[in-house]
Chemist: 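Supplied in structure tokens, the structure appears directly below.
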Amino acid sequence: MTELKLYNSLTKQKEVFKPIKEGYIGMYVCGPTVYSDVHLGNVRTFTSFDIIYRYLMFKGYKVRYVRNITDVGHLLDDGEDRMLKGARLEQLEPMEIAQKYSNGFHEIMRQFNTLRPSIEPRATGHIIEQIEMVQAIWDKGYAYESNGSVYFDTIKFAKDHDYGKLSGRIIEDLLTETRDDLKNQSEKRHSSDFAIWMKASDDHIMKWNSPWSVGFPGWHLECSAMSTKYLGETFDIHGGGNDLKFPHHENEIAQNVGSCGHAPANYWLHTNMLLMHGRKMSKSDGNTISIAELLTGDSPHVSKAYDTMVVKFFFLQSHYRSTNDLSDEALLAAEKGYNRLMDANKVLQKMENTSGTTSDLDKEINDLIDMAFAEMDDDFNTPRTLARLYELVSKINGIHDGHLSMNDITSDTLDRLKTTFTSFIKDIFGFIETTDSNGNSMDGVMELLIEIRQEARKNKDWGTSDKIRDGLSKVSIVLNDGKDGTTWSQN
Ligand code: AMP
Ligand code: ZN
């Protein structure tokens, strides 16, 4: 196996991955703000980290994967808390909003067959830890109080430590910018300072007691406090979308260093944005497609319904650090590609080989398998991994249609090919077979139908055999009779 290399956003280069503790990995990924439905852009980021998580486990690491739920403190540009806005619009309690959209998020993650993180902490469940961190930053002299709110003193911090390394921002430039917390600008000493504790107004619903005021924590603080609590002061990997680099992640680093003297993570991984019509998919400017619209096809952006696995395949066709642009044509192409891979796998898993010997073909297949894993080791390069798997698909189809010979590969190689496809499809990419509306696999049912048809044909009962084929074709399922038996696919 090749060494795993990761592109570290902090050093802006690919580095050989070395965990702090041999065999173990701590990974923190910024989770969703649960004030409305997640959109497909969010899903792209969380799916990318799911595949990274799966691949790390596949390589034998024991991974503690922490992904938080933001349910307080993430403000809109006008200063209103996103949660409170959601509560106001839907006339619900903020915690009802948090629960409703956490449930929705989990359901969507389930439909994409992603694994649950090891720990999923909520910001509102960690107010004490956040207050303690404000205190620690205060004790180190990097915080000041203004009108009951507490601000991180970026200028003082930048004199002692690096500030801006991750995002490449220079403190002088930051000083001239006025982006964050516009409402409270006057309370800050410098425009680049940011709130770590905010005093709440009397009518504010979500607020807690603290040594400074009745208020609530700043958004960046929750990730610093929760990653430290569950993964330690320094852990291996921190991830999120690249739109979070600044200010969120830059300020997380400042808070961690400012409170305990250590940078939180050794490797920072950032996913690039999902686009639609060439623009970032984003709720605020309406350039989104909901998951429901995609799955029903009920949207002007798509011509038909798409399976979540096809959408996941579409994500994998781009590297996680590249943008990908959603369009109907791209999804149609992904659907073809996905079906081709899954059909070849069905054919492969049925193949048997008892008498093959080694040859050029045998070597080629083994080399392609090695290369597929090497591409994943190269900063999780899924598009190139897929390209290698497609070269293998051509070999599988070649053997199936008789144009290549099974006699030219050994039974060990056939077994290795089978386990490689199972590992990629099931364990690493997390593809599941086409499902019915309850999320159940149709494989078992199809196996049974194919078996009944086979028996009917043996008994020359053509009526039953045709009835099965024609009935399935009405629901867009096609049976393909090949040398190694019958497979099925859904159009
Ligand atoms: P939010 O709920 O806005 O905090 O976003 C949750 C995650 O989704 C963050 O890691 C964002 O960076 C990521 N994200 C938001 N929009 C997109 C997009 N268009 N493409 C990919 N990731 C996104
Ligand atoms: Zn975060």
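When a ligand or atom number is given, it counts from 1 through the structure's own listing order. Computed from heavy atoms alone, side chains included, the values below leave out hydrogens, waters and symmetry copies. Predicted model, so just to flag it, every value in this text is computed and none were measured. For reference, positions follow the sequence shown, starting with 1.
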Chemist: Touching ligand 1 at all, His39? Heavy atoms, strictly under 4.0 Å?
Modeler: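 So His39 counts as touching ligand 1.
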
Chemist: Are any N, O or S atoms from His220 nearer to the Zn ion (ligand 2) than 2.8 Å?
Modeler: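 For His220, the answer is no, given that no N, O or S atom comes within less than 2.8 Å of the Zn ion (ligand 2).
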
Chemist: Just to be sure I read this right, does ligand 1 sit under 4.0 Å from the backbone of Asn272, its side chain, both, or neither, counting only heavy atoms?
Modeler: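 Just the backbone.
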
Chemist: Show me which atoms of ligand 1 lie under 4.0 Å from any heavy atom of Met281.
Modeler: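 Close to Met281: 16 (N), 18 (C), 19 (N).
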
Chemist: Name the closest protein heavy atom to atom 20 (N) of ligand 1, giving the residue it belongs to and the distance to 0.1 Å.
Modeler: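 The protein heavy atom lying closest is Leu274 N, 2.7 Å.
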
Chemist: Would you say Asn42 has any N or O atom under 3.5 Å from an N or O of ligand 1, going by distance alone?
Modeler: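 Yes, at least one N or O pair falls under 3.5 Å.
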
Chemist: May I ask you to say whether Glu132 pairs ionically with Lys229, meaning some side-chain N is under 4.0 Å from a carboxylate O?
Modeler: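 Lys229 and Glu132: not salt-bridged.
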
Chemist: For the Zn ion (ligand 2), does an N/O/S atom of His248 lie at less than 2.8 Å?
Modeler: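 A backbone or side-chain N, O or S atom of His248 is under 2.8 Å from the Zn ion (ligand 2).
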
Chemist: To the nearest 0.5 Å, what is the distance between OG1 on Thr288 and CG on Leu40?
Modeler: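 Spacing of OG1 (Thr288) from CG (Leu40) equals 9.5 Å.
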
Chemist: Considering the heavy atoms of Lys280, write down every atom of ligand 1 situated less than 4.0 Å from one of them.
Modeler: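 What qualifies from ligand 1 is 16 (N), 19 (N).
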
Chemist: Look only at interatomic distance and state if Phe46 has a nitrogen or oxygen under 3.5 Å from any nitrogen or oxygen of ligand 1.
Modeler: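 By distance alone, the answer is no.
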
Chemist: Do Tyr144 and Asp193 meet the criterion of a side-chain donor-acceptor pair at a distance under 3.5 Å?
Modeler: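 Tyr144 vs Asp193: donor-acceptor pair found between side chains.
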
Chemist: Salt-bridged, Lys156 to Asp160, with N to O below 4.0 Å?
Modeler: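 No.
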
Chemist: Which protein non-hydrogen atom lies closest to atom 2 (O) of ligand 1, naming both residue and atom, and how far is it?
Modeler: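 The closest heavy atom on the protein side is Thr33 N, 3.0 Å.
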
Chemist: Please write down residue, atom name and distance for the protein heavy atom closest to atom 10 (O) of ligand 1.
Modeler: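 So the nearest neighbour among protein heavy atoms is Gly241 N, 3.0 Å.
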
Chemist: Are Tyr142 and Ile196 packed together at the side-chain level, in the sense that at least one heavy-atom pair is separated by less than 4.5 angstrom?
Modeler: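 Answer no - side chains too far apart.
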
Chemist: Polar contacts were defined as any N/O atom of the residue lying under 3.5 Å from an N/O atom of the ligand; does this apply to Met273 and ligand 1?
Modeler: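 By distance alone, the answer is no.
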
Chemist: Any N or O of Gly240 that comes nearer than 3.5 Å to an N or O of ligand 1?
Modeler: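 There is no such contact.
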
Chemist: Can you tell me which residue among Asn68, Thr228, Asp236 is in a side chain to side chain donor-acceptor pair (under 3.5 Å) with Tyr28?
Modeler: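 Of Asn68, Thr228, Asp236, side chain to side chain donor-acceptor pair (under 3.5 Å) with Tyr28 is met by Asn68 alone.
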
Chemist: Parallel, tilted or perpendicular: which fits the ring planes of His126 and Tyr230, with parallel below 30° and perpendicular above 60°?
Modeler: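 Taking Tyr230 first and then His126, their aromatic rings stand perpendicular (interplane angle over 60°).
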
Chemist: Please indicate whether any nitrogen or oxygen in Leu244 is less than 3.5 Å from any nitrogen or oxygen in ligand 1.
Modeler: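 N/O-N/O distance under 3.5 Å: no.
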
Chemist: Would Tyr55 and Tyr61 satisfy ring pair (Phe, Tyr, Trp, His ring centres under 6.0 Å), going step by step from the backbone distance to the final call?
Modeler: CA-CA 9 Å; Tyr55 190 63; Tyr61 289 107; 9.5 Å; no

Chemist: Compute the minimum heavy-atom distance from Val29 to ligand 1 and say whether it is under 4.0 Å.
Modeler: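 Checking ligand 1 against Val29, which is what was asked, there is no heavy-atom contact under 4.0 Å.
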
Chemist: Decide whether an N or O pair under 3.5 Å exists between Asp243 and ligand 1.
Modeler: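 In this structure, Asp243 places an N or O atom under 3.5 Å from an N or O of ligand 1.
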
Chemist: Taking Asp377 as the fixed residue, which of Lys59, Lys5, Lys14, Arg384 is the one that meets the salt bridge (charged side-chain N to carboxylate O under 4.0 Å, His left out) rule?
Modeler: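 Exactly one pass, corresponding to Lys59.
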
Chemist: Counting only nitrogen or oxygen atoms and a 3.5 angstrom limit, does Thr45 reach ligand 1?
Modeler: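 Between Thr45 and ligand 1 (N or O atoms, distance only) the closest approach is under 3.5 Å.
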
Chemist: Could you check whether atom NZ of Lys207 has more than 12 heavy atoms from other residues, nucleotides or ligands sitting under 6.0 Å from it?
Modeler: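 Yes, the 6.0 Å shell around NZ holds more than 12 heavy atoms from other groups.
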
Chemist: Considering only non-hydrogen protein atoms, determine which one is nearest to atom 21 (C) of ligand 1 and report residue, atom name and distance to 0.1 Å.
Modeler: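 Ranking protein heavy atoms by distance from atom 21 (C) of ligand 1, first comes Gly41 O, 3.0 Å.
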
Chemist: Are Tyr306 and Asp328 linked by a side-chain donor-acceptor pair shorter than 3.5 Å?
Modeler: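 Looking only at side-chain atoms, Asp328 and Tyr306 do form a donor-acceptor pair, the distance falling under 3.5 Å.
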
Chemist: Need the ligand 1 atom indices (1-based, order shown) with element for anything under 4.0 Å from a heavy-atom of Pro32.
Modeler: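 In order of number, 2 (O).
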
Chemist: Charged N to carboxylate O under 4.0 angstrom, Arg388 versus Glu375?
Modeler: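 Yes, this pair counts.
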
